[in-house]
Amino acid sequence: MIEVDVSSKAYRQDHDQSELVVLRDIRFSVEPGQFCCIVGPSGCGKTSLLNMISGLDEDFAGSVRIDGGAPSAGPPPGYMFQSSRLMPWLRVRENVDLVTHAADARENVDELLREIGLEDFVDAYPGQLSGGMRRRVALARAIINEPSLLLLDEPFLSLDTPVANRLRRLLIDVCGRRSSTVLFVTHDLREALYLADRILFISSRPGEIVLDHLVDIPRPRIPEGEDIELLRLELLKTNPQLLSGLVENDENSHQG
Amino acid sequence: MKPSIRNWSIPWLRLGSLILFIAIWQLAAVFVDRQILPGPYQVLLSVIDHLDRGELVFHLLATLARVLISFVLAMALGVALGIVMGRNRNWDAALDGVLILALNLPALVTIILCYLWFGLGEFAAILAVAINKFPVVVVNMREGARAVDQDLLQVAKAFRLDWRKCWFQVYLPQLYPYLLASARSGLALVWKIVLVVELLGRSNGIGFQLGIYFQFFDITSILAYSFAFIAVVMAIEYLLITPLDKRLMGWRPGI
């Protein structure tokens with residue numbers, strides 16, 4: 001159970017020492033095992049929110065509790081950052097192995113790397129991989145411990161569609177197996193509708209929750225399927241002003 | 001440049017430049033009095049002669065011991081303080097002035113003061129060398145510690161890596177380039193200062209011997225001693241530091 005009650009999160013700006021409020025009055029809780037997508041335009045504080053829930057950022061007004069305790073007190077989450085953030089001096093296998101705890105994790109690492117199609121690159125350095133492959137390694141690192149809490153920050157951004165869909169299926173598999181709680185940040189509404197049990201829509205800065213939607217499309221879902229497209233159009237129609245920033249971003253990303 | 005071309009041409013370039021250097025030296029020696037500039041062959045004979053008499057090895061080892069002890073001392077303390085100053089603004093502010101002073105202190109001043117304060121002994125000699133090298137290491141490592149990628153440290157924090165993994169697999173590898181640069185420049189700097197220290201206040205070592213041959217105007221022996229020690233330093237570079245570099249930095253593309 002994740003309970004977020006943040007009254008505000010602000011950054012001090014270097015150039016004029018003024019405060020930039022990125023999040024305001026964010027209150028929600030996530031049930032164990034729920035796959036929750038956080039959707040909002042860029043710059044709305046989604047990454048800040050993940051950092052607070054992961055325990056990396058403790059400098060904000062309000063509280064985040066995980067199973068009743070501070071985030072840093074619980075078991076470590078799996079975290080996939082917006083950029084892959086691999087250690088360039090460690091080989092692919094070592095990068096994933098870095099975060100494992102058990103001594104016998106090595107076989108699991110190799111198996112997982114096979115599962116995400118990197119079996120031929122286990123001994124490569126991140127610098128020798130393409131951007132998409134690095135993201136896959138970062139995903140492997142996030143899920144190798146099958147964490148009870150998984151935080152993903154736009155993990156499949158700028159991957160080509162078949163690869164992204166394959167990784168999305170893998171993610172659903174892994175989360176189902178361990179019934180992990182997932183917080184998945186994206187600005188791609190189609191992606192969110194394919195993956196999520198629930199979607200939190202956040203407004204542009206300062207970010208506030210503008211819509212909390214439970215996705216009732218039965219699983220298994222088909223990426224870009226008809227029911228997803230219908231629900232997407234309905235959401236955009238019923239909440240045009242709330243999701244306006246989002247639509248703009250969504251279309252930009254499809255052009256690019 | 002294609003790697004295939006680079007791979008075979010580099011050893012030849014190295015060898016070629018060495019041969020060219022010796023050829024120019026030999027050519028110059030033909031035109032100049034052999035007392036002033038002995039040729040490479042004469043110097044080689046002199047090296048063999050000094051080796052034969054045993055005193056070259058003795059003085060070489062004395063110098064080498066001083067180089068290694070002061071090098072290790074300066075590196076260990078310099079790396080530690082450099083990291084502290086790179087990570088902590090207060091320490092940096094407090095010690096920055098002293099550091100600039102230490103950087104600009106002439107080597108000769110440190111050496112003379114150490115000998116005057118601590119006597120003409122081994123302790124003063126090694127201390128003087130270490131003090132000369134130390135601030136350079138600090139500046140280098142401080143730069144490295146400042147350039148550490150906070151994003152990668154966040155990864156370590158998010159996954160709650162234990163301190164050992166965090167230190168050896170996330171933090172320290174980011175400092176390896178700075179460490180290697182310090183070691184390289186440090187070795188060169190340290191052995192030059194050691195010679196001065198020996199010239200001024202020790203009764204063995206390459207520096208001491210060079211002082212004697214200076215008085216006898218024996219340029220052949222001066223060159224013989226210099227090249228003998230340069231050979232040792234080059235051996236350390238190629239047998240120790242270069243393999244270490246390859247091992248630690250092998251992940252960098254194109255090297």
Side-chain angles (χ1 to χ4, degrees), chain A residues 47-48 50-58 66 70-101 105 123-130 134 137-138 140-147 149-153 183, chain B residues 1-4 6-7 79 83 87-89 92-93 141 143-183 241-255:
Chain A
T47 301
S48 304
L50 285 196
N51 281 342
M52 290 186 272
I53 294 169
S54 69
L56 283 178
D57 185 354
E58 290 168 336
I66 294 176
S72 53
Y79 198 153
M80 185 172 168
F81 298 86
Q82 205 163 24
S83 52
S84 56
R85 296 199 190 178
L86 303 173
M87 309 297 148
W89 44 87
L90 296 181
R91 294 168 197 277
V92 165
R93 180 195 283 124
E94 294 165 336
N95 257 294
V96 180
D97 207 29
L98 178 68
V99 302
T100 58
H101 308 292
D123 288 323
Y125 288 105
Q128 299 164 324
L129 303 180
S130 69
R134 284 202 285 268
V137 181
R141 183 175 64 183
I143 62 182
I144 182 66
N145 291 328
E146 302 196 343
L149 172 61
L150 192 53
L151 305 167
L152 302 126
D153 192 355
L183 287 173
Chain B
M1 206 193 314
K2 288 178 193 164
S4 57
R6 198 173 53 188
N7 283 347
V79 167
I83 290 176
R87 290 180 70 146
N88 187 310
R89 276 187 201 182
D92 192 31
M141 296 314 294
E143 216 49 58
R146 280 177 182 165
V148 160
D149 189 341
Q150 294 301 323
D151 282 358
L152 296 183
L153 297 186
Q154 258 195 349
V155 173
K157 201 178 165 202
F159 284 93
R160 319 255 171 83
L161 301 188
D162 59 55
W163 70 267
R164 199 172 293 147
K165 275 186 175 174
C166 192
W167 179 251
F168 287 108
Q169 298 193 54
V170 181
Y171 192 81
L172 209 54
Q174 307 195 48
L175 299 182
Y176 285 160
Y178 298 88
L179 264 171
L180 285 165
S182 291
I241 297 182
T242 304
L244 193 69
D245 190 358
K246 283 217 173 92
R247 199 183 140 73
L248 294 181
M249 305 302 294
W251 54 273
R252 277 188 306 188
I255 291 176

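A, B, ... follow the sequence lines: proteins, then strands. Residue 1 opens every chain. The shown structure was predicted, so the numbers you read here are calculated from the model rather than taken from an experiment.
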Evaluate B:D149 against A:R85 for side-chain contact (heavy atoms from CB on, under 4.5 Å), listing each step before the verdict. CA-CA 10 Å; B:D149 189 341; A:R85 296 199 190 178; over 6 Å; no
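- Per-residue counts of heavy-atom pairs under 4.5 Å with chain B were compared for A:P77, A:A142, A:P71; the largest is that of A:P77.
- The backbone N or O of B:G250 sits nowhere less than 3.5 Å from a side-chain atom of A:W89 that would complete a donor-acceptor pair.
- Taking CG of A:N145 as the reference point, atom CZ of B:F159 lies at 7.5 Å (rounded to 0.5 Å).
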Evaluate side-chain contact (heavy atoms from CB on, under 4.5 Å) for B:Q154 paired with A:F81, printing each intermediate quantity in order. CA-CA 10 Å; B:Q154 258 195 349; A:F81 298 86; 4.1 Å; yes
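- For the set A:S83, A:S54, A:G78, A:S72, the count of heavy-atom pairs under 4.5 angstrom toward chain B peaks at A:S72.
- A:L151 does not touch chain B: none of its heavy atoms, backbone or side chain, sits under 4.5 Å away.
- Contact annotation for A:R91: neither backbone nor side-chain heavy atoms come within less than 4.5 Å of a heavy atom of chain B.
- There is no contact between A:P126 and chain B, counting heavy-atom distances below 4.5 Å.
- Of the possible donor and acceptor atoms, one in the side chain of B:R160 sits under 3.5 Å from a partner among the backbone N and O of A:G74.
- Neither the backbone nor the side chain of A:P147 comes within contact range of chain B; no heavy atom of the residue lies under 4.5 Å from a heavy atom of that chain.
- Among all heavy-atom pairs drawn from B:V170 and A:L98, the shortest one is CG2-CD2, 4.2 Å.
- Interface remark: B:L152 contributes backbone and side-chain atoms alike to the contact with chain A (heavy atom separation under 4.5 Å).
- Looking at A:P76 and B:K157, their side chains never come closer than 4.5 Å, going by heavy atoms from C-beta outward.
- Residue contact with chain B, scored on non-hydrogen atoms closer than 4.5 Å, involves the side chain of A:L90 exclusively.
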